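All values reported here derive from a predicted model rather than from experimental measurement. Throughout, a chain's letter reflects where its sequence line sits, starting with A, and its residues are numbered from 1.
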There are 2 protein chains.
Amino acid sequence: MARFPETSSSSRERARQSVTLQDIAAHAGVSRSTVSLVLRDSPLVADATRTRVQASIKALGYVYNRGAAALRASRTFTLGVVVYDIANPFFGAMVAGIDSVLHRENYVSFLANSEDSPERQQRFLERMREQRVDGLLLCPAEGTDPALLTQLVDWNMPCVQVLRHIGTPPFDYASTDFELGVRQAVDHLVTLGHRRIVFLGGDARHSATQARHRGYHEAMRAHSLDDVHRVIRGAVTRRAGFDAVQHLMQESPRPTAVICHNDLMALGVMLGLQRLGLVPGEDCAVVGTDDIEEAALSMPALTSVATHPYAIGEEAARLAMRRIANPDGAREQVVLTPRLQVRHSCAPIPTPEKTSYRRYPHATLDA
Amino acid sequence: MARFPETSSSSRERARQSVTLQDIAAHAGVSRSTVSLVLRDSPLVADATRTRVQASIKALGYVYNRGAAALRASRTFTLGVVVYDIANPFFGAMVAGIDSVLHRENYVSFLANSEDSPERQQRFLERMREQRVDGLLLCPAEGTDPALLTQLVDWNMPCVQVLRHIGTPPFDYASTDFELGVRQAVDHLVTLGHRRIVFLGGDARHSATQARHRGYHEAMRAHSLDDVHRVIRGAVTRRAGFDAVQHLMQESPRPTAVICHNDLMALGVMLGLQRLGLVPGEDCAVVGTDDIEEAALSMPALTSVATHPYAIGEEAARLAMRRIANPDGAREQVVLTPRLQVRHSCAPIPTPEKTSYRRYPHATLDA
DNA sequence: CCTCGTTTTTGGATTGATCCAAATCTGTTG
DNA sequence: CAACAGATTTGGATCAATCCAAAAACGAGG
C-alpha cells in the first residue's frame, strides 16, 4: 500500500504521499504557521498573504487532516447523536432537523441507533469519547442509569438530552411539553362531550411517558373525571393499539375516546375499530401524539398532538452549539409547545336532540 | 482551560492532563509499543503481559485517542453515510440496517442528509475525506455528476453506492431489483384481468427511476399491452399521488389499475380515490413500492413490492467492510430480489358471469 | 532617522499514537 | 552448552497539524 520511499524522505520527492502544510508553506513562500492560520480563517493574516496561500492550497490539491488537527486542538467539529429507533419516522424528521443546523455550523455528526439498549448506548458513548467529539445529543435508552449524567460530567463531555431525560436538573434538554399536549387532547375531547376517556400506552419508566401520564391525570381531575380515569400500560406499537382496543370495546360501558401515546398506536387503534365493525371517530374518538405525516392520510384523518420533531432536532442542535461555545453557561431546557392538530377522528358525543350529522368525514390531505 | 504547567513538563506531574500510552507503559513496566499492541489486540503479546497492561489501563482510566491513532495508522474505523431524505421511513429502516452491521464490526458512522442537493453532498464528501473515513455508503443525490465516481477513485476512497447509482460499472452497489419488482406488479395485475395499467411517478433521471420504467415497459410488452402502456411522470409524494389520480379517473376509458413509484404515492392515490367517492382496490387497483410499515395499515391494506430497506442497509454495510478489507478486489453488485406483498388493494376485474363478491376487504394487521 | 506601537509572521515544542527494524528473551536440540 | 529458531519486546522516527512566545515588518509621529 504505502510505497517504499525511493531514496530520501525529502518531502518533495515522495510520490503520491499526501500534501501537508509544509508543502503549502514552501510553495507560497511562508511558514507552516501562517498556512495554518489561513486554514482556520484567522483575522491575523494579511489579505495578500491569505490570497497567495489559498492559491497554493488549491494548486497543490491540499487536503486538511482533521485527525492531526484534533490531536493538538481542543475542538473537532464533530458531534455524537444517539437515538433509540431511527426507523421510526419521528426520529427521521428529528435527525433531519439536527443535520440542517449542524450543516450550517460546519459540524458533522456520528449517528447511532441504541435500539433502547443501555449497553449498546454506553459502548457508543465511550467510542465518542475516544473520537473526542465536542458534544452529544442523547435520547437516552429506556432503563439508562441516571449515573450516566455524572459520568459525562466527569468526562467533561457536553450533553444535550433530547425528548426524554434521566437524572435531575440542571441539565441541557430539548423536547416538547408532552404533559401539556395530553392536557390539550383531554380538553378537546371533554369539549366534545366525552367523559370516558382512556389513555393508552407507555410501559416505560422514562420521563416522556411519565409526563404524558401526569398530563392525563391532571386534566381528568381538572374536569372532575377522576372516577373514570384510566391508563392502560403496554407497548406503544401499532400492534399494541390494535390489540388493546379489541379488549376495550368489549367492556360496558365502553370508553368513548382514547388518547394514544403516539400516532403509530393511534393508527393501530383505528384499524382495530374497523376490524370490530366500528367507525373510528364516530363510535370511538381517537387522538394520537406526534402528528407524523401519515396522520393526515388515515381514514378518517387522525387528530393528533403535533410535537414537531424537526424543530426539536433543530433546537437540540442549537443548544449543543451554545453549550460548546460556552461550556460553563447555565444549563438550558428548551421545551416546545405542542399544538393539537384537529382532524376528523373525534366526533362529538351525540346529544339526544342532535343526531350524528355526518356519517363519514371527507377524505383530505389538508392540514 | 489547559492548566499552566506547574514546574516541569514531566508527565507524572501534570494535573488532570490525559493519560497516555506512556503513562500506561510506566505503570505496567513495559514499553509504549507493547501497550499499543495490547490495545489493538495483537497476537504478538504474551498473555501475562496483556493481562498486566489491561489492568493498568483500567487502573489509570485510560482513554484511547482515535485522532492520534488515525494520524499514523491507515484505518480510522469510521464510515460516511449519505442519504437524501432521512425523514423518509424507508431510509430510517435502511440506516438501522447499516448501523446494526457497523456496530458488530466496531465501526462508527457519520450520517448526512443531502436533501438531494449535489452541492451539499459534495461538501460532506470532502469533509469525510478530511476525516479520513475508511469508506462511504452513498445514495447519490439527484443530478449528481457521474464524474464524482472518478473523483472518489482519485481520492482513493472506497464507495458503495446504495439504491441508486451513477456512472457505469464496475462499481460497488447494493440495492433491490426495481425492474423485477415492477414486472411482478404488472404480472399480478394482468393475472387479475387488468389491462389499462398506468405507472405513476418518477420525474428523475436517476437509475432507480429508470429501472422501474424499464420494468414497466417490458412487462407491458410481454403481455402485448403496448397499446395501453402509460407512464405519468412527476413527483413521488403523497400529494402527487392524490392529485394525479384525480385527473386519471376523469378519463374515459379510465385505467383500472395504477402502479406507484413508492408507497407514499400509493397511499395518496388511495386517498384520492376515496375523495372521488371511489373504492380503492375495487374501482381501481393500486400497487405501491417499498412495503413500508404503513402499507399494512391502510384501508384497504396496500399491495406493495417489498424492497427490504433494512436488508439493503445490511448488505451495503457488509459490502463496504469487504471492500475496505480488500481494496483491489472485484467490484460487487448486491441486488436483492423484491417480493410482491399481496394484500387487498387489487381486486380482480369482474367478468360478466362473476360479480364482485366482496365489497370491502377485512381490516388486518397481518403480513 | 529613530522610536514606538501595531500588525504579521515565524520556528520550535508539543500532541499521542503507530510503524518497523532490531534487540531480547524463550525453549529446543545437536 | 552453544547455536538457533520462534516468540516477545522495544526505542526512535514519524504522522500532520496547533500553540505560543518571540521576532520581524510596517506605519506614523517626533
Side-chain angles (χ1 to χ4, degrees), chain A residues 1-5 8-11 14 16-26 28-53 56-57 60 62-77 129-132, chain B residues 1-5 8-11 13-14 16-26 28-53 57 60 62-77 129-132:
Chain A
M1 198 97 331
R3 301 244 321 236
F4 198 78
S8 73
S9 66
S10 132
S11 58
R14 10 185 192 177
R16 50 147 63 207
Q17 217 78 338
S18 66
V19 179
T20 73
L21 278 201
Q22 191 68 266
D23 302 321
I24 304 292
V30 295
S31 73
R32 262 182 8 267
S33 305
T34 303
V35 178
S36 178
L37 291 173
V38 170
L39 283 173
R40 285 176 287 152
D41 276 319
S42 165
L44 289 179
V45 295
D47 284 350
T49 314
R50 181 190 310 282
T51 313
R52 195 149 38 92
V53 170
S56 297
I57 288 174
L60 300 190
Y62 170 74
V63 179
Y64 188 55
N65 186 327
R66 300 249 167 202
L71 190 52
R72 200 73 179 73
S74 54
R75 288 174 77 177
T76 58
F77 291 91
R129 183 150 88 125
E130 296 177 355
Q131 300 281 166
R132 283 180 164 49
Chain B
M1 198 93 331
R3 303 242 320 236
F4 197 78
S8 73
S9 67
S10 130
S11 59
E13 287 301 293
R14 10 184 193 178
R16 51 149 61 207
Q17 218 77 337
S18 67
V19 178
T20 73
L21 277 200
Q22 191 68 265
D23 302 321
I24 305 291
V30 294
S31 72
R32 265 182 4 268
S33 303
T34 303
V35 179
S36 178
L37 291 172
V38 170
L39 284 174
R40 285 175 287 152
D41 276 320
S42 164
L44 289 178
V45 295
D47 283 350
T49 315
R50 180 191 312 283
T51 313
R52 195 149 37 91
V53 170
I57 288 174
L60 299 190
Y62 170 75
V63 179
Y64 188 54
N65 186 326
R66 299 249 169 202
L71 190 53
R72 200 71 178 71
S74 54
R75 288 174 77 176
T76 58
F77 291 90
R129 182 150 89 127
E130 296 177 357
Q131 300 281 165
R132 283 181 166 46

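- A pairwise comparison of heavy atoms in B:V30 and B:R52 identifies CG1-NH1, 4.0 Å as the closest pair.
- The closest donor-acceptor contact from the side chain of B:T76 to the backbone of B:A70 lies at 3.5 Å or more, if one exists at all.
- Put simply, the side chain of B:S31 and the base of D:dG11 share no donor and acceptor less than 3.5 Å apart.
- When heavy atoms are screened at a 4.0 angstrom cut-off, A:V63 is found touching the sugar-phosphate backbone but no base atom.
- Between A:A28 and A:S56, the shortest heavy-atom distance links the atoms CB-OG, 3.3 Å.
- The distance from atom OH of B:Y64 to atom C1' of C:dG16 is 10 Å, rounded to the nearest whole Å.
- When the nearest nucleotides of DNA chain D are assigned to B:L71 and B:V30 by heavy-atom distance, the more 5′-ward of the two goes with B:V30.
- In the set D:dA17, D:dT8, C:dC19, the nucleotide with an atom closest to the side chain of B:S33 is C:dC19.
- Which of D:dA17, D:dA16, C:dT9 sits closest to the side chain of A:R72 comes down to D:dA17.
- Within the model, atoms OG1 of A:T34 and CG of A:L39 stand 11.0 Å from one another, a figure rounded to the nearest 0.5 Å.
- Remark: B:R132 CZ to A:Y64 OH distance equals 11.5 Å, nearest 0.5 Å.
- Among C:dA17, D:dC15, C:dT9, the nucleotide with an atom closest to any side-chain atom of B:A68 is C:dA17.
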- Test A:D41 against A:R50 for side chain to side chain contact (heavy atoms under 4.5 Å, CB included), laying out the working first. CA-CA 9 Å; A:D41 276 319; A:R50 181 190 310 282; 4.2 Å; yes
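- B:A68 approaches A:L71 most closely through the heavy-atom pair CB-CD1, 3.4 Å.
- Between B:Q131 atom CD and D:dA16 atom P the separation is 16 Å, expressed in whole Å.
- Picking from D:dA13, C:dC20, C:dG12 the nucleotide with the shortest atom distance to the side chain of B:R32 gives D:dA13.
- With D:dT8, C:dT9, D:dG11 as the choices, the nucleotide that has an atom nearest any side-chain atom of A:T49 turns out to be C:dT9.
- Mapping A:N65 and A:S74 onto DNA chain D by nearest heavy atom places A:N65 closer to the 5' end of the strand.
- Spacing between atom CG of A:L39 and atom P of D:dA16 amounts to 14 Å, rounded to whole angstrom units.
- Between B:T34 and D:dT8 there is no side-chain polar atom (N or O) within less than 4.0 angstrom of OP1 or OP2.
- Taking every side-chain heavy atom of B:A46 into account, D:dT8 is the closest of D:dC19, D:dT8, C:dC19.
- For C:dG16, the OP1/OP2 oxygens have a side-chain nitrogen or oxygen of B:S18 closer than 4.0 Å.
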Under 3.5 Å, N/O pairs linking protein and nucleotides 22-25 of chain C:
none

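- In this structure, the CD1 atom of B:I24 is 12 Å from the C1' atom of C:dG16, given to the nearest Å.
- The separation between A:L44 atom CG and C:dT10 atom P is 13 Å, rounded to whole Å.
- Note: CD1 (B:I57) to C1' (C:dA17) measures 13 Å, nearest angstrom.
- Here A:L60 contributes atom CG and A:Y62 contributes atom OH; the two are 11.0 Å apart, rounded to the nearest 0.5 Å.
- As a whole-Å value, the separation of B:L37 CG from C:dA17 P is 14 Å.
- Spacing between atom CZ of A:R40 and atom C1' of D:dC20 amounts to 11 Å, rounded to whole angstrom units.
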